[in-house]
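These numbers come from a predicted model, not from an experiment.
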Amino acid sequence: MDLLSGLNSAQREAVLHGEGPVLVLAGAGSGKTRVITCRIVHLVQSRTAFPEHIYAVTFTNKAAEEMKARVQSVLPGEGRSGPWVSTFHSLCVRILRLHAGLLGYTRDFTIFDTDDQMRLVKACLKDLDMPEGLFTPRKALSMISLAKNSGEERKTTQAYSGGRLEGEALARIRNEYERRLRLSNAMDFDDLLCKSLELLQENESVRLSYQNRVRQLLVDEYQDTNMLQHRLMQLLVGEPWNICAVGDEDQSIYSFRGARIGNILSFEKDFPGARILKLEQNYRSTGHILEAASAVVSKNLQRRGKVLWTENKPGELLHCFSCSSGSEEAQRVARKLTDLRAQHPRWSFAVLYRTNFQSRYFEEELRRLRIPFRLVGALSFYARAEVKDLLAYLRFLRNPDDSLALERIINTPSRGIGEQTIEKMKSHANREKQSFWLSLQAFAEDFELGGRTHKRLKEFAGMMKGLREEMESIPLSLLIRRVAECSGYRQMLQEEKTPEAQSRLGNIEELAAAAQEWEAQGFSAAEFLDRASLSSDTDSFDERCQVTLMTLHAAKGLEFDAVFLAGMEEGLFPHMQSLNQTAMEEEERRLCYVGMTRARKQLFLSWALYRRTFSSGGEGQEMNVPSRFLKEIPDHLVRRDGRPAAGFREQPWDDGDSASAPRRSAVPFAGKTYNSKASVAQFLEGLAEKQALHKAESYSAHSARDGNLAPGMRVRHPQFGTGRIVTAEKQGEDVKLTVQFDLYGRKKLLQSFSKLTRV
DNA sequence: GCGTTTTTCCTTTTT
DNA sequence: GGAAAAACGC
């Protein structure tokens with residue numbers, strides 16, 4: 001059979017495994033996605049199961065999309081009724097929308113994102129008169145989330161380790177939080193799992209109907225499942241437990257989110273009779289890289305233990321270098337990247353780091369050297385303020401009980417309904433135990449408010465009611481445009497004649513266009529909104545860019561020809577917060593293993609003697625110690641060099657007169673003199689940019705009116721630099737341009753707004 | 001009620 | 001150093 005021909009014997013066994021539970025321990029780069037997709041195809045082709053009885057679950061949208069595409073390419077024509085492939089969360093949403101009534105929600109319930117959760121917790125803390133500083137909203141939220149994700153009941157939240165008082169307080173906060181969620185007809189991310197579980201646990205007929213449908217279940221990245229997901233899988237598949245779990249305990253890096261490595265370590269306990277298979281042949285990395293990564297992770301105790309091997313060549317040695325500072329690290333990495341890019345024009349590269357803030361130097365340096373790069377983790381499309389505002393309007397229209405959405409939009413754009421009025425209505429709603437929208441209507445109808453405010457409330461309520469009537473009969477894309485129009489949002493942005501406002505208008509148009517496209521594919525408006533709520537930055541990962549910057553967490557599941565692991569210092573990686581607990585240290589080590597095994601051909605490790613961090617921002621910065629993980633790599637695998645210039649010390653930020661003495665700490669490096677004061681360079685750059693913007697503005701008036709921009713032309717944009725026009729299509733009176741910028745990637749711009757000039 | 005200045009946080013990782 | 005909240009002044 002063609003399907004099995006390219007597989008090794010372990011992979012083949014996993015694909016062909018018959019009835020009953022199987023756990024596939026798949027080492028990094030051992031072809032696990034291939035196994036899952038092949039197994040799905042095999043189940044269909046061998047008539048073991050009908051396509052509609054096969055369910056595959058992953059963690060990220062991206063992984064789900066990829067798998068869907070792969071399955072569909074082999075099983076064409078299965079289309080809609082084919083195997084169900086999705087993330088845990090979308091599967092839950094699907095189940096919950098169908099049975100919302102059984103749980104006391106309507107099918108239009110809203111999904112609260114992290115932002116909404118934070119605001120809700122803040123409101124709870126405020127109204128509960130919590131003792132000052134007992135819990136920060138952040139802390140409270142993470143405790144609640146952790147409790148929910150480990151399957152604790154509300155009462156037992158008191159068992160919180162921080163002491164009785166805190167435990168009780170936390171239980172109260174959680175109660176209030178849950179009450180308000182329910183009042184808003186809303187669920188947070190954790191609820192999607194909790195409530196699905198509740199539904200299946202307590203409702204036998206629903207459970208049986210799913211167990212009847214889910215005849216074959218495949219779960220990817222099993223090491224990242226938490227208690228709820230684990231139980232959910234048990235309930236969904238039922239006996240005889242036709243579950244195929246694929247994972248790698250050495251890549252479990254999400255325990256902070258409630259993931260339990262135990263789910264994979266004791267799989268046989270929960271799925272008796274489980275067969276355990278190991279995929280130990282690595283197809284990705286060179287021998288040296290694999291040996292180094294294995295050596296590091298072998299220091300962990302919490303593992304089943306695999307021995308990875310490869311037929312690949314040993315390849316080059318790993319390269320470890322030390323730098324004097326974070327900025328020097330970025331310079332050296334960027335320089336190395338330039339060389340490598342020249343040598344291997346088709347390679348892909350990644351710079352990986354522990355925390356997001358480390359990205360800054362790399363961004364600056366790559367931009368300076370004109371190396372195009374992609375930054376994963378930057379503000380995603382759906383996180384932009386204007387997009388969130390518009391989505392809040394839609395959320396509210398769909399679910400009028402969504403008080404947070406209402407609060408967000410009631411005075412956006414500003415329509416003279418101020419804090420005072422909002423507070424009054426909110427406390428009224430609280431008193432009456434009703435939704436914000438109901439009390440707003442009450443106020444708009446017959447309350448003794450000042451005449452002006454009263455009128456504005458009435459106008460607002462009237463507008464929203466009008467839109468609610470309209471929404472039934474028009475497509476979502478049109479509704480988005482209508483909302484932007486009626487709410488005054490478009491007008492607000494149009495009056496603000498800044499480039500940002502124009503790009504915001506563009507984003508709104510893009511949102512409408514996305515909705516249009518989505519509907520054209522036959523999906524419903526509700527599905528579009530769910531997708532928007534469940535989407536994240538890492539999903540939009542773009543393979544076209546040659547260099548990628550991202551955190552180690554974001555890199556899981558990806559691979560690159562050459563990888564730079566930056567910031568290999570004690571306290572940063574492993575992170576300070578994990579230093580006193582072995583379990584956490586082991587997780588950091590796994591993270592290191594994940595990072596190292598992303599590399600196909602070359603691996604670079606770097607660390608900096610001094611680094612500006614928040615905690616050591618003031619005086620008395622201490623010298624960094626190289627990460628313990630570096631020492632765990634056997635000496636014969638690595639070339640170590642690059643002693644930093646002795647005595648050099650990076651200045652902390654806030655030591656006063658930086659502008660007056662900018663050249664004081666210039667250091668010679670690589671034959672050139674660099675100024676360690678990045679801020680000065682930044683200031684000058686900013687100045688230059690502003691001037692350029694000014695200039696561009698003055699002559700863009702002509703170029704735009706000339707209307708002579710066509711695909712293929714080189715153009716310059718005040719913010720995005722130079723690029724080439726890919727497409728130009730008429731859009732009303734305007735022309736919509738797609739431009740591939742050299743440094744910023746592909747952007748869509750309206751000609752009349754974009755200050756483009758020909759080069 | 002709105003725009004500006006001042007202060008406060010931040011830096012672990014995210015579906 | 002920068003973003004976001006809070007405080008302040010009109």
- Which listed nucleotide (B:dT12, B:dT15, B:dT14) is nearest to the side chain of A:Glu588? B:dT12
- Protein-nucleotide distance (A:Arg415, atom CZ; B:dC2, atom P), rounded to Å: 11 Å
- Which residues satisfy the salt bridge (charged side-chain N to carboxylate O under 4.0 Å, His left out) test with A:Arg589, sequence neighbours excluded? A:Glu585, A:Glu632
- Would you mind reading off the distance between A:Phe573 atom CZ and B:dT11 atom P, rounded to a whole angstrom? 19 Å
- Item | Atom C1', compared across B:dT12 and C:dA5: separation rounded to whole Å | 23 Å
- Please report, rounded to the nearest Å, how far the P atom of B:dC10 is from the CD atom of A:Gln358. 18 Å
- Query: When you match A:Glu587 and A:Gly416 each to their closest nucleotide on DNA chain B, which lands nearer the 5' end?
  - Reply: A:Gly416
- Hits for side-chain hydrogen bond (donor to acceptor under 3.5 Å, both in side chains) against A:Ser255, two or more places apart or cross-chain, chain-then-number order -> A:Glu587
- Message: Measure CG/A:Leu549 against C1'/B:dT13 and give the value in whole Å, please.
- Response: 17 Å
- Base-pairing string, 5' to 3', of DNA chain B - Watson-Crick or wobble, under 3.5 Å, | interstrand: ||||||||||.....
- Message: Expressed as a whole number of angstroms, how long is the span from A:Met568:CE to B:dT12:P?
- Response: 18 Å
- Query: According to a strict under-4.0 Å criterion, is A:Thr60 in side-chain N/O contact with OP1 or OP2 of B:dT14?
  - Reply: no
- Item | Selection from B:dT14, B:dT12, B:dT15 that lies nearest to any side-chain heavy atom of A:Phe189 | B:dT15
- Task: Using whole Å, report how far CG of A:Asn356 lies from P of C:dG1.
- Result: 20 Å
- Between C:dG1 (P) and A:Phe357 (CZ): distance, integer Å: 15 Å
- Query: Does A:His89 place a side-chain N or O at less than 4.0 Å from the phosphate oxygens OP1/OP2 of B:dT15?
  - Reply: no
- Message: So if I take every side-chain heavy atom of A:Asn411 and compare against B:dC2, B:dT11, B:dT14, which nucleotide ends up nearest?
- Response: B:dC2
- Considering only heavy side-chain atoms of A:Thr421, the closest of B:dT15, B:dT13, B:dG1 is B:dG1
- Query: Would you say the side chains of A:Arg303 and A:Asn300 form a donor-acceptor pair under 3.5 Å?
  - Reply: no
- Message: Less than 3.5 Å apart, any donor N or O on the side chain of A:Ser145 or A:Asp190 sitting next to an acceptor on the other?
- Response: yes
- Task: Counting heavy atoms from C-beta on, name the nucleotide in B:dT15, B:dT13, C:dA5 closest to the side chain of A:Lys122.
- Result: C:dA5
- Query: With A:Tyr593, which residues qualify under ring pair (Phe, Tyr, Trp, His ring centres under 6.0 Å), at least two apart?
  - Reply: none
- Message: In this structure, how many angstroms lie between the P atom of B:dT15 and the CD atom of A:Glu65, rounded?
- Response: 14 Å
- Query: Sequence neighbours excluded, which residues qualify as side-chain hydrogen bond (donor to acceptor under 3.5 Å, both in side chains) partners of A:Tyr254?
  - Reply: none
- Under 4.0 angstrom, heavy atoms only, what part of the nucleic acid is A:Phe59 near: base, sugar-phosphate, or nothing? sugar-phosphate
- Task: Start with the C-alpha distance between A:Tyr489 and A:Asp389, add both sets of side-chain angles, then the distance that settles side chain to side chain donor-acceptor pair (under 3.5 Å), and finish with yes or no.
- Result: CA-CA 9 Å; A:Tyr489 209 99; A:Asp389 285 338; 2.5 Å; yes
- Could I get the full list of ring pair (Phe, Tyr, Trp, His ring centres under 6.0 Å) partners for A:Phe629, not counting sequence neighbours? A:Phe573
- Query: Hey, does A:Asp190 reach any base, or is it just sugar-phosphate, or nothing, if we go heavy atoms under 4.0 Å?
  - Reply: nothing
